[in-house]
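Any value given below was found using the heavy atoms of this structure, including those in side chains, with hydrogens, waters and symmetry copies removed. Whatever order the structure lists them in is the order used to number ligands and atoms, beginning at 1.
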Amino acid sequence: MSKPHAPPALSWALDGREVDLLHYVFARPDIKQLRGHPEKVLAAIDDYHHQFNKLMNVGLSKGAFITKIIAERKPSVMIELGGYVGYSAILFGDAIKKNGGKQYLSIEKNPEMAAVATQLVDLAGLRDVVRVVVGSSNEVLTELISEKKEIDSVELIFMDHWQDLYLHDLWLLEDLKVLNPGVSLLLADNVIMPGAPKYLEWVHATPQEKKHIVNNSDIGSLSPNPSFVYETAVSEFDTDFGRDGVAVTKIIGKQDV
Ligand code: CA
């Protein structure tokens, strides 16, 4: 087995470790046994994470928590914002498939990450379910919802890209009228570390409080809809990087403000 060229640990990610991961996985002596087996591809990514360079993957405890939500709700389509190297796309895409779903849509801004993810998804045998789309989350969501009319109702969305974007992307979904009471469920990762205070403030607020927030925020060209009634619980987890949380938000109804 050729020794993977582990890059020096410079900045967190975008230092070549993700492409190095791809070289590592495809140089493994058991590569043929990985083909078509999502759990083995995930284990290979975990091996790299433990032996060479840490990767910002969803991790075991959070992964199991979200996989359980998929099994309970059985969405036809699940959307992910921020796909990174495809670990969550393989884990959750496989869960979508096993629960009778059609598609796991992974939106990733960095084309290099998307290329890595696409190869690993292909290796896992999940190309029929997982679709990796390159682009910024707001642009891709707008295109798929408003222009292509591919999504008329969000069933399950996993926000895992950049915490400062969570609220703007939620405002976009509110504006595009794809959030429906009893149907849509919002998951937001890393709400404790590094944290997403503005997003949490919004999903915890009443419609009246949200109207106040809108009147006192720079919303740019966005049109937030304060009338949604949300119910949010944050589940906490011990991860490789410390204590963290996933916010689970149900859409309960709508209320005039
Ligand atoms: Ca994350």
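Each of Ile79, Leu185, Asp189 was compared with Phe158 under the side-chain contact (heavy atoms from CB on, under 4.5 Å) criterion, and only Asp189 meets it.
A donor-acceptor pair under 3.5 Å is formed between the side chain of Asn110 and the backbone N or O of Met113. Judged by distance alone, the side chain of Glu108 and the main-chain N or O of Tyr84 form a donor-acceptor pair under 3.5 Å.
Looking only at its N/O/S atoms, Asp189 has OD2 as the one nearest to the Ca ion (ligand 1).
Here Asp160 reaches the Ca ion (ligand 1): one of its N/O/S atoms is less than 3.0 Å from the metal. For a distance bound of 3.0 Å, the N, O or S atoms of Asn190 include one lying that close to the Ca ion (ligand 1).
Note: Tyr24 and Tyr48 have tilted aromatic rings, judged against thresholds of 30 and 60 degrees for the angle between ring planes.
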